[in-house]
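In the text below, chain A, chain B and the rest are named by the order of the sequence lines, each starting its count at 1. All values below come from the heavy atoms of this structure, side chains included, with hydrogens, waters and symmetry mates left out.
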Number of protein chains: 2
Amino acid sequence: MKTTSSSPRFQPLYQQIKTLITQSLIAGEWAPGAAIPSEMELAARYGVSQGTVRKAIDELAAENIVMRRQGKGTFVATHSEDMVKLRFLRLVAMDGSKELLDNQLLSCERVKAPAPTAAALQIKSGSAVIDIRRLLLFNGKPLILDRIILPAAAFKGVNDKQIQSYNGSMYRMYETELGIRMVRAEEKLTALGADGEVARTLGLKQGTPLLSIERVSYTYGDKPMEWRLGLCLTDRHHYLAHLE
Amino acid sequence: MKTTSSSPRFQPLYQQIKTLITQSLIAGEWAPGAAIPSEMELAARYGVSQGTVRKAIDELAAENIVMRRQGKGTFVATHSEDMVKLRFLRLVAMDGSKELLDNQLLSCERVKAPAPTAAALQIKSGSAVIDIRRLLLFNGKPLILDRIILPAAAFKGVNDKQIQSYNGSMYRMYETELGIRMVRAEEKLTALGADGEVARTLGLKQGTPLLSIERVSYTYGDKPMEWRLGLCLTDRHHYLAHLE
DNA sequence: GAGTGGTCTAGACCACCAA
DNA sequence: TGGTGGTCTAGACCACTCA
């Protein structure tokens, strides 16, 4: 277990361990929801002390990449289990009522990537993407009009049927069907007035103020995998943010 | 340095240490920007090992309550120094241009707290508050119309002159003049149309979509100290959020 | 060179969980 | 009962800062 001062270190050991564990996750060595080896095992595997592995796992846990459960083990985080029905959705009802969201798929086509979206997804402009439009309804009333764009290369075989069968839980679908797990996301919010088409779809007057949420979601290793634009009605909901 | 197993522990030791340090911060034992005692000193003071103090400080650092600087020491976080001109402001220009914000104070009155604001600030409805209205301009054009409400009891002596002299850096003023440091905030965002008065003040047509940001800011110990409502023009800016 | 935080280790005991 | 993560300690050495 002696590694100190044997090789020149450019990075703290625990950072290197963290990278190694992340690589195993990317390689799919441990599936979402499965347990990763215990701290002692990993320490032995990498030839470091348990405390060093612990610090690496601490960071992964802080980033929601991994979940610790005392007495049981450490598990690869998953969308499937937990209550995480709608990961990343920060919209909450003002009266605090529970989410009763229905999902209505409007379209799902294979098209060429528009330039700005391609840039956000770090793919070539014009390459094939899957373009999904859907409506989320709250208590039967339209709440969010979503447009979701996925690089076709990584999301092979995604189609209407598949989406329908997951009833709107896109992230659960990505994980279960394709093994793609989103780790973090960035959102850009603006306020805008509903244009003609949007107003029609949402059943609103033209010009009604909407909250526009543009989201890029990233998988392991900061790779962008999904682009989304949501137009939200905020008369009964608001977007909740915690600042630190 | 032996404390283990001597007294029944209901909380991890490092949590207790964290609480003790926080209490010293609340009591003002160390001013913002000042160094707190070294890890070894604190370990000696509290009768625990340096590692335990370290873990307590780690959490305080993660919460931006304290800042570590290798080789120098650990310092109480401050708004005054750093580049943190506008703490908590998540609005960024779409073209990435630098913030050139001007501040224009519209009014500053002492009034009775409206019920919802009083609730958010956890004070009695109708108790005295300071009600500030101001305009933030970006490159000379109106960008944000702010209304800021502060409990008068804690913010004694706040007036136009004082606010003017800090040129819009409210958090810097709170800290410097009153020793009140905000640690975190919660924001609720909605989209709405500008009403007559707002439209006039911002120089817009009535009904122009605006991003409404309601913010409650908290000081040490999760005590709410400021309520704010910002109405923002988002044609050239967007609100940036990071989700994990 | 002395002092600070940053990393790493090795070993102890605790709290929780399952078979 | 044995294995897991959670806490705590004591001591080592490294990297940085400043006088």
Of the nucleotides [options], which one has an atom closest to the side chain of [X]?
| X | options | result |
| --- | --- | --- |
| Arg54(B) | dG6(D), dT7(C), dT4(C) | dT7(C) |
| Tyr14(B) | dT17(D), dG5(D), dC8(D) | dC8(D) |
| Lys55(B) | dC8(C), dG5(C), dT7(D) | dT7(D) |
| Gln70(A) | dA15(C), dA15(D), dT7(C) | dA15(C) |
| Val48(A) | dC8(D), dT9(C), dG6(D) | dT9(C) |
| Ser49(A) | dC18(D), dA10(C), dG6(C) | dA10(C) |
| Pro12(B) | dG5(D), dC8(D), dC8(C) | dC8(D) |
| Arg68(A) | dT17(D), dC8(C), dG5(D) | dG5(D) |
| Glu39(B) | dG6(C), dG5(D), dT9(C) | dG6(C) |

Subject >> Heavy-atom closest contact (Gln162(B) atom, Gly157(B) atom, distance) >> reply: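 Shortest heavy-atom separation between Gln162(B) and Gly157(B) comes out as OE1-O, 3.4 Å.
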Subject >> Nearest atoms (heavy-atom pairs only) where Ala185(B) meets Tyr218(B) >> reply: CA-CD1, 4.3 Å
Report yes if at least one side-chain N or O of [X] is closer than 4.0 Å to OP1 or OP2 of [N]; otherwise report no.
| X | N | result |
| --- | --- | --- |
| Lys72(A) | dG5(D) | no |
| Ser38(B) | dT4(C) | yes |
| Thr74(B) | dG5(C) | yes |

In whole angstrom, give the distance that lies between atom [atom1] of [X] and atom [atom2] of [N].
| X | N | atom1 | atom2 | result |
| --- | --- | --- | --- | --- |
| Leu42(A) | dT4(D) | CG | P | 11 Å |
| Phe75(A) | dG3(D) | CZ | P | 17 Å |
| Leu13(A) | dA12(D) | CG | P | 20 Å |
| Met67(A) | dG6(D) | CE | P | 11 Å |
| Ile57(B) | dT4(C) | CD1 | C1' | 11 Å |
| Arg69(B) | dA15(D) | CZ | P | 22 Å |
| Asp58(B) | dG5(C) | CG | P | 12 Å |
| Gln50(B) | dT9(D) | CD | C1' | 11 Å |

**OP:** Drop me the distance from His237(B)'s NE2 to Asp95(B)'s CG, to the nearest 0.5 angstrom.
**Re:**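 Interatomic distance, His237(B) NE2 to Asp95(B) CG, rounded to 0.5 Å: 7.5 Å.
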Subject >> Between CD1 on residue Ile130(A) and CD1 on residue Ile148(A), distance to nearest 0.5 Å >> reply: 11.0 Å
Subject >> Electrostatic pair Arg90(A)-Glu187(B), nearest N-O below 4.0 angstrom >> reply: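 No, no charged N to carboxylate O under 4.0 Å.
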**OP:** Considering only NZ, NE, NH1 and NH2 on the basic side and carboxylate oxygens on the acidic side, decide whether Glu175(A) and Arg87(A) come within less than 4.0 Å.
**Re:** no
**OP:** For Gln15(A) and for Glu41(B), locate the closest nucleotide of DNA chain C by heavy-atom distance; then report the residue assigned to the nucleotide nearer the 5' terminus.
**Re:**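 Mapping each residue to its closest nucleotide by heavy atoms, the 5'-most match is Glu41(B).
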Subject >> Of Thr52(A) and Gly71(A), the one whose closest DNA chain C nucleotide lies more 5' >> reply: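 Nearest nucleotide further toward 5': that of Thr52(A).
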